[in-house]
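Structure first, commentary second.
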Amino acid sequence: MLPPLAPDTEAALLAAALAARENAYAPYSGFRVGAAALDAEGRIHAGCNVENAAYPQSQCAEATALGAMVTAGGLVLTAIAIAGPDTGAEGPFLTPCGGCRQRIREFAAGNLPILACQPRGIVARYTLADLLPESFGPGHLG
């Protein structure tokens, strides 16, 4: 079950993810992505994708946002929004890649709300467990 987020919190996450998307460095793909991570203190940390001519060296928006969160001292993620391009009402809706799902898992439990966003608003809501079932996390290491 998805934990409830206050409408103003969802709106703030959407705005931050969309604003970060505008700053994406995507000269090769043109595929701009923004992310906004909410930490346990209620702070929002934004990030965008940063491409590189050596494609494997690119960085996802979620990784950038999580890095900003950790840099600010946040270690518990309570929600994350990912903003991609408008794909229409039928989708597909942008969700974190597999690597970012694992990065998110490092800082959150399975009930973490993940908001899929487009310029027109929040288009889908998931939990981390929806996207990464039976995940491996810090608890497995003792």
Side-chain angles (χ1 to χ4, degrees), residues 1-87 90-142:
M1 172 142 177
L2 202 64
L5 288 174
D8 60 330
T9 300
E10 283 193 354
L13 284 167
L14 171 63
L18 289 172
R21 182 180 180 272
E22 290 301 311
N23 292 327
Y25 180 73
Y28 308 106
S29 72
F31 195 82
R32 297 173 163 285
V33 180
L38 179 68
D39 71 17
E41 287 76 41
R43 299 175 296 179
I44 294 175
H45 310 276
C48 61
N49 59 318
V50 180
E51 293 182 350
N52 189 289
Y55 287 159
Q57 301 307 312
S58 296
Q59 183 164 302
C60 295
E62 299 90 330
T64 304
L66 290 172
M69 181 184 81
V70 171
T71 298
L75 295 176
V76 177
L77 183 63
T78 59
I80 191 164
I82 296 90
D86 193 338
T87 57
E90 300 302 315
F93 304 128
L94 186 63
T95 60
C97 72
C100 284
R101 292 174 191 200
Q102 188 62 48
R103 285 180 183 93
I104 290 166
R105 176 63 179 89
E106 185 68 20
F107 302 100
N111 66 344
L112 174 85
I114 297 177
L115 309 176
C117 306
Q118 295 180 356
R120 61 192 166 90
I122 298 168
V123 294
R125 291 169 175 80
Y126 304 95
T127 65
L128 181 57
D130 292 334
L131 301 178
L132 191 66
E134 303 301 324
S135 67
F136 179 83
H140 289 94
L141 299 177

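On a predicted model such as this, the values are computed, not experimentally measured, just so you know.
- At a threshold of 4.0 Å, the pair Arg125-Glu10 counts as salt-bridged, since one of the basic side-chain nitrogens sits closer than that to a carboxylate oxygen.
- Thr71 places a side-chain N or O within donor-acceptor distance of the main-chain N or O of Gly67, the cut-off being under 3.5 Å.
- Distance CG/Leu14 to OG1/Thr9: 12.5 Å, rounded to 0.5 Å.
- Taking NE2 of His45 as the reference point, atom CG of Asp39 lies at 3.5 Å (rounded to 0.5 Å).
- Between Val76 and Met69, the shortest heavy-atom distance links the atoms O-SD, 4.1 Å.
- Listed for the Arg21 side chain is a donor-acceptor partner under 3.5 Å among the backbone atoms of Gly84.
- Arg101 places no side-chain N or O within 3.5 Å of a backbone atom of Leu132 that could act as its donor or acceptor partner.
- Using a 4.5 Å heavy-atom cutoff, the side chains of Ile114 and Leu131 are in contact.
- Between the CD1 atom in Ile82 and the CZ atom in Phe93 there is a gap of 14.0 Å [rounded to 0.5 Å].
- For the pair Leu13/Ile44, a side-chain contact is recorded, criterion being any heavy-atom separation below 4.5 Å from C-beta on.
- Side-chain N or O atoms of Arg105 include one that pairs as donor or acceptor with a backbone N or O of Ala108 at under 3.5 Å.
- Side-chain atoms of Ser135 and Leu128, non-hydrogen and from C-beta on, never get closer than 4.5 Å to each other.
- Side-chain contact check for Leu66 versus Ile104: some heavy-atom pair is nearer than 4.5 Å.
- Under the 3.5 Å distance criterion, the side-chain polar atoms of Arg32 are left unmatched by any main-chain donor or acceptor of Ala83.
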Give the table of side-chain donor-acceptor pairs shorter than 3.5 Å for residues 46-55, with sequence neighbours excluded, one pair per line with atom names and distance.
from  : atom 1 : to    : atom 2 : distance (Å)
Asn49 : OD1    : Val33 : N      : 2.8
Asn49 : ND2    : Phe31 : O      : 2.9
Glu51 : OE1    : Tyr28 : N      : 2.9
Glu51 : OE1    : Ser29 : N      : 3.1
Glu51 : OE2    : Ser29 : OG     : 2.2
Asn52 : OD1    : Ala54 : N      : 2.8

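- Closest heavy-atom contact between Ala79 and Leu77: O-CD1, 3.3 Å.
- Take Ala65 and apply the side chain to side chain contact (heavy atoms under 4.5 Å, CB included) test, not counting sequence neighbours, and it matches Ala35, Ala37.
- Using a 4.5 Å heavy-atom threshold, the side chains of Cys97 and Cys60 count as touching.
- Rounded to the nearest 0.5 Å, atoms OG1 (Thr64) and OH (Tyr25) are 14.0 Å apart.
- The side-chain heavy atoms of Val70 and Phe107, taken from C-beta on, include a pair separated by under 4.5 Å.
- Looking only at side-chain heavy atoms (C-beta outward), Leu112 and Thr127 stay at 4.5 Å or farther from each other.
- Put simply, CD1 on Ile80 and OH on Tyr126 are 14.5 Å apart, with the number rounded to the nearest 0.5 Å.
- The minimum heavy-atom distance between Ala63 and Cys100, with the atom names listed, is N-SG, 4.1 Å.
- One distance of note links CG of Leu115 with CD1 of Ile122; it measures 4.5 Å at 0.5 Å rounding.
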